[in-house]
Amino acid sequence: MHHTPERPSAAVLLLHGGRAHSLQPVPRLALARLRMHPFAWRIARRPWGRQTLVASVRYRHRGWNGPHAHPAQDALQALGDLSALAPGVPVVLVGHSMGARAALAVAVTGTVRGVVALAPWCPPGEPVAHLRGRAAVFLHDEADRVTSAAQTWDFAYRAAAAGADVQCVPMPSGGHAMLRGARRWHELVADHVGAVLARTPATHPGGRPPKGQG
């Protein structure tokens, strides 16, 4: 847990990145996990964040591992744990890379209001119908050499066509690790999480509609 108010009115679950294939356990101090900590801190520092439970998932395995989709399984378990701690509160999932793929996959769960996906891994053909009626915000540096921004925008377009409330934010820097210009990544993510929880547009989204929507 990063932040646990006595009576939370909302929850944010952070899902870090990983690998396509690996059954190795995730070290406690894995860089991918640590990279999500500044996002958690920034969210908890917002006025609305004081009453928001902020937690992160620690996967059993470092990899997605094909049809096993281990991180998605772990995310579902974490959502169940959150529900026990804060029953009925709205939840926003914030995922990076493989974690964003997991977040998008499990957003069908009833209390999930939306997903903020950072440099997401969005393979062609991933399902989108379950995102209908939910918010989906995508931030990606188009110079990312690890995951494809073009595939992200394609996923976002399909999600919007399926009825999701989609925003795409092409980031001017950061690459895949979101290190260059990190402060802007942190601020924008907190803005969008707050907007999803409030069901309002972000104050300065800096984005554009997905392909074919504008």
Side-chain angles (χ1 to χ4, degrees), residues 11-23 32 36 55-57 59-83 90-142 144 146-171 176 189 192-193 195-197 199 205 207-214:
V12 175
L13 186 63
L14 302 163
L15 296 93
H16 64 81
R19 301 176 180 177
H21 303 285
S22 175
L23 293 175
M36 301 304 288
S56 59
V57 179
Y59 312 127
R60 292 167 295 163
H61 308 294
R62 299 183 95 163
W64 182 267
N65 303 319
H68 296 291
H70 286 131
Q73 294 182 30
D74 295 338
L76 284 173
Q77 177 63 52
L79 283 170
D81 295 341
L82 274 186
S83 180
V91 178
V92 177
L93 305 176
V94 177
H96 173 229
S97 190
M98 182 187 76
R101 184 182 183 184
L104 290 163
V106 303
V108 66
T109 306
T111 55
V112 175
R113 186 166 289 180
V115 176
V116 179
L118 317 178
W121 176 22
C122 296
E126 289 280 275
V128 296
H130 63 286
L131 295 172
R132 179 179 180 84
R134 289 181 168 81
V137 183
F138 301 86
L139 290 78
H140 213 142
D141 177 1
E142 293 181 331
D144 188 340
V146 178
T147 55
S148 166
Q151 289 181 357
T152 294
W153 308 147
D154 180 69
F155 181 99
Y157 171 67
R158 293 191 298 113
D165 179 12
V166 170
Q167 279 194 302
C168 292
V169 185
M171 297 298 289
H176 191 66
V189 168
H192 281 289
V193 168
V196 171
L197 288 172
R199 298 186 189 272
R208 67 184 183 198
K211 180 178 64 175
Q213 299 297 300

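All heavy atoms count here, side chains included; hydrogens, waters and symmetry mates do not. This one's a predicted model, so the numbers in the text were calculated from it and none came from an experiment.
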- Task: In sequence, state the C-alpha distance, the side-chain angles, and the governing distance for Leu76 and Thr109, and then conclude on side chain to side chain contact (heavy atoms under 4.5 Å, CB included).
- Result: CA-CA 8 Å; Leu76 284 173; Thr109 306; 3.7 Å; yes
- Message: Assess the residue pair Val94 and His192 against the criterion (side chain to side chain contact (heavy atoms under 4.5 Å, CB included)); give the C-alpha distance rounded to whole Å, side-chain angles, the decisive distance to 0.1 Å, and a yes or no.
- Response: CA-CA 10 Å; Val94 177; His192 281 289; over 6 Å; no
- ring pair (Phe, Tyr, Trp, His ring centres under 6.0 Å) between His96 and His16, worked out: CA-CA 5 Å; His96 173 229; His16 64 81; 9.2 Å; no
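Between Gln73 and Val106 the shortest side-chain heavy-atom distance does not fall below 4.5 Å. Residues Val169 and Phe138 fail the side-chain proximity criterion, which asks for heavy atoms closer than 4.5 Å. Between Val166 and Trp153, the closest side-chain pair of non-hydrogen atoms is not below 4.5 Å. Annotation: side chain of Met98 is in contact with side chain of Pro71 (closest heavy-atom distance under 4.5 Å). For the pair Leu15 and Leu93, the minimum side-chain heavy-atom distance is below 4.5 Å. No side-chain heavy atom of Arg62 sits under 4.5 Å from any side-chain heavy atom of Leu23. Val108 places none of its side-chain heavy atoms less than 4.5 Å from the side chain of Leu131.
The CG atom of Asp141 lies 11.0 Å from the OG1 atom of Thr152; values are rounded to the nearest 0.5 Å.
Annotation for Asn65 and Ser22: closest pair OD1-N, 2.8 Å, computed over non-hydrogen atoms. Between Tyr59 and Gly99, the closest heavy-atom pair is OH-CA, 3.4 Å. Taking all atoms of both residues into account, the shortest heavy-atom contact from Ala100 to Gly95 is CB-O, 3.3 Å.
Take Ala135 and apply the side-chain contact (heavy atoms from CB on, under 4.5 Å) test, not counting sequence neighbours, and it matches Val196. Taking His21 as the reference, nothing meets the ring-ring contact (aromatic ring centres under 6.0 Å, His included) condition, with sequence neighbours excluded. A search for salt bridge (charged side-chain N to carboxylate O under 4.0 Å, His left out) contacts involving Arg158 returns Asp154, not counting sequence neighbours. With sequence neighbours excluded, no residue forms a side-chain contact (heavy atoms from CB on, under 4.5 Å) with Ser83. For His130, the ring-ring contact (aromatic ring centres under 6.0 Å, His included) test picks out no residue, with sequence neighbours left out. Residues that satisfy the side-chain contact (heavy atoms from CB on, under 4.5 Å) test with Ala129, not counting sequence neighbours, are absent from this structure. Remark: Thr147 engages His140, Asp144, His176 in a side-chain hydrogen bond (donor to acceptor under 3.5 Å, both in side chains) (not counting sequence neighbours). Applying the salt bridge (charged side-chain N to carboxylate O under 4.0 Å, His left out) rule to Arg60 yields the partners Asp74; only residues at least two apart in sequence or on another chain are considered. Here Ala11 pairs with Leu53, Leu82, Val89, Val91 under the side-chain contact (heavy atoms from CB on, under 4.5 Å) rule; sequence neighbours left out.
Here salt bridge (Lys or Arg N to Asp or Glu O under 4.0 Å) pairs that include residues 11-20, with residues two or more places apart or in two chains, number zero.
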Could you tabulate the donor-acceptor pairs under 3.5 Å formed by side-chain atoms of residues 110-126, not counting sequence neighbours?
{"from": "Arg113", "atom 1": "NH1", "to": "Leu197", "atom 2": "O", "distance (Å)": "2.5"}
{"from": "Glu126", "atom 1": "OE1", "to": "Arg101", "atom 2": "NE", "distance (Å)": "3.0"}
{"from": "Glu126", "atom 1": "OE2", "to": "Arg101", "atom 2": "NH2", "distance (Å)": "3.1"}

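In this structure, the side chain of Asp81 does not engage the main chain of Leu79 through any donor-acceptor pair within 3.5 Å.
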